[in-house]
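Remarks on the structure that follows.
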Amino acid sequence: MTHKHHYKTERQGNAFVLVQTTNTHGTPTVQVPYSFKQEADIAICAAAHTATEINAYRRLAALDLAKMISNEFLAFSDLDADRLLLLREKTEDLITHCIAEIRNQNPNSSPEESNKKH
């Protein structure tokens, strides 16, 4: 049996959540919360770039995060707030590009389209 994912975006207070549902047993719903700023970035990215470009941006964001973790957290023993903020920024950038790619592949997952279905 092929597992099919369905996506929708919902607003939760001052933020958003990407909701993934599947046709599997167990826990078929996964929710990924993200910020209002990320939603704006996602919408711009999904509208302005092709699927191939978004995929490339996601891969670059993942590579950038991996390099940053290697350079900043494995090479150094001293932690500081600046490094933690940079880690958060890089992680949020990767999440933003991943959601933009999902949105590009599933046009009915945008907040406007999700709200029309209810």
Side-chain angles (χ1 to χ4, degrees):
M1 178 173 147
T2 302
H3 300 296
K4 181 97 170 138
H5 298 294
H6 300 280
Y7 297 94
K8 65 180 179 177
T9 302
E10 297 176 350
R11 188 161 184 176
Q12 288 187 345
N14 292 330
F16 291 86
V17 63
L18 176 71
V19 180
Q20 171 188 286
T21 56
T22 61
N23 60 351
T24 62
H25 298 293
T27 310
T29 302
V30 178
Q31 296 187 359
V32 181
Y34 59 96
S35 71
F36 192 79
K37 180 193 176 309
Q38 283 177 289
E39 173 57 33
D41 292 344
I42 289 164
I44 291 168
C45 185
H49 301 287
T50 67
T52 302
E53 291 170 329
I54 294 171
N55 180 277
Y57 293 143
R58 177 194 39 94
R59 290 171 184 262
L60 286 173
L63 182 60
D64 194 32
L65 177 60
K67 285 180 181 177
M68 184 260 177
I69 290 170
S70 176
N71 292 338
E72 298 292 331
F73 290 92
L74 299 177
F76 297 104
S77 60
D78 295 333
L79 286 177
D80 60 30
D82 289 332
R83 287 191 178 112
L84 294 176
L85 285 174
L86 184 59
L87 176 63
R88 172 180 273 167
E89 179 183 311
K90 300 287 184 190
T91 302
E92 288 177 357
D93 188 48
L94 177 58
I95 291 169
T96 298
H97 284 92
C98 289
I99 294 173
E101 187 171 359
I102 289 170
R103 172 104 28 100
N104 187 276
Q105 295 169 355
N106 301 275
N108 294 333
S109 66
S110 68
E112 304 81 35
E113 294 299 320
S114 295
N115 290 333
K116 288 178 186 175
K117 293 178 181 177
H118 294 107

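Below, each value reflects all heavy atoms present in this structure, side chains not excepted, and no hydrogens, waters or symmetry copies.
At a threshold of 4.5 Å between non-hydrogen side-chain atoms, the residues Tyr34 and Leu18 count as touching. Residues Thr9 and Val17 have side chains not in contact (no heavy-atom distance under 4.5 Å, counting atoms from C-beta outward). In this structure the side chain of Leu86 reaches within 4.5 angstrom of the side chain of Met68, judged on heavy atoms. Residues Phe73 and Arg83 are in side-chain contact: their nearest non-hydrogen atoms beyond the backbone lie under 4.5 Å apart. With a 4.5 Å cut-off on side-chain heavy atoms, Leu65 and Thr91 count as touching. The shortest side-chain heavy-atom distance between Gln12 and Pro33 does not fall under the 4.5 Å cut-off. By the 4.5 Å heavy-atom criterion applied to side chains, Thr22 and His6 are not counted as neighbours. Residues Cys45 and Thr96 have side chains not in contact (no heavy-atom distance under 4.5 Å, counting atoms from C-beta outward).
When the shell of 6.0 Å around CG of Asn14 is examined, it contains 12 or fewer heavy atoms from other residues, nucleotides or ligands.
In plain terms, the two heavy atoms of Tyr7 and Asn106 that are nearest each other are CD1-ND2, 3.5 Å. Nearest heavy atoms, Ala48 versus Glu53: O-OE1, 4.4 Å. The heavy-atom pair separating Ala46 from Ala100 by the smallest distance is CB-O, 4.0 Å.
Under a hydrophobic clustering in which Ile, Leu, Val, Met, Phe, Trp and Tyr are joined whenever their side-chain heavy atoms come within less than 4.5 Å, directly or via other members, Leu84 and Leu94 fall into the same cluster. Note on Ile42 and Ile95: same hydrophobic cluster, where clusters join Ile, Leu, Val, Met, Phe, Trp and Tyr whose side-chain heavy atoms are under 4.5 Å apart, directly or indirectly. In terms of hydrophobic clustering, with Ile, Leu, Val, Met, Phe, Trp and Tyr side chains grouped at heavy-atom distances under 4.5 Å, Phe36 and Val32 are assigned to a common cluster.
Looking only at distances, no side-chain donor or acceptor of Glu72 sits under 3.5 Å from a matching main-chain atom of Ile69.
Considering CD of Gln20 and CD1 of Ile102, their distance stands at 7.0 Å, rounded to 0.5 Å. Note that OG1 of Thr21 is 7.5 Å distant from NZ of Lys8, once rounded to the nearest 0.5 Å. Taken to the nearest 0.5 Å, the CG atom of Asp93 stands 8.5 Å off from the CG atom of Asp41. Between the CG atom in Asn55 and the OG1 atom in Thr50 there is a gap of 9.5 Å [rounded to 0.5 Å].
The pair Arg103-Glu101 does not count as a salt bridge, with every side-chain nitrogen at least 4.0 angstrom from each carboxylate oxygen.
Aromatic ring pairs are classed by plane angle as parallel below 30°, tilted from 30° to 60° and perpendicular above 60°; the pair Tyr57 and His49 is perpendicular.
Under the side chain to side chain contact (heavy atoms under 4.5 Å, CB included) criterion, Leu63 pairs with Lys67, not counting sequence neighbours.
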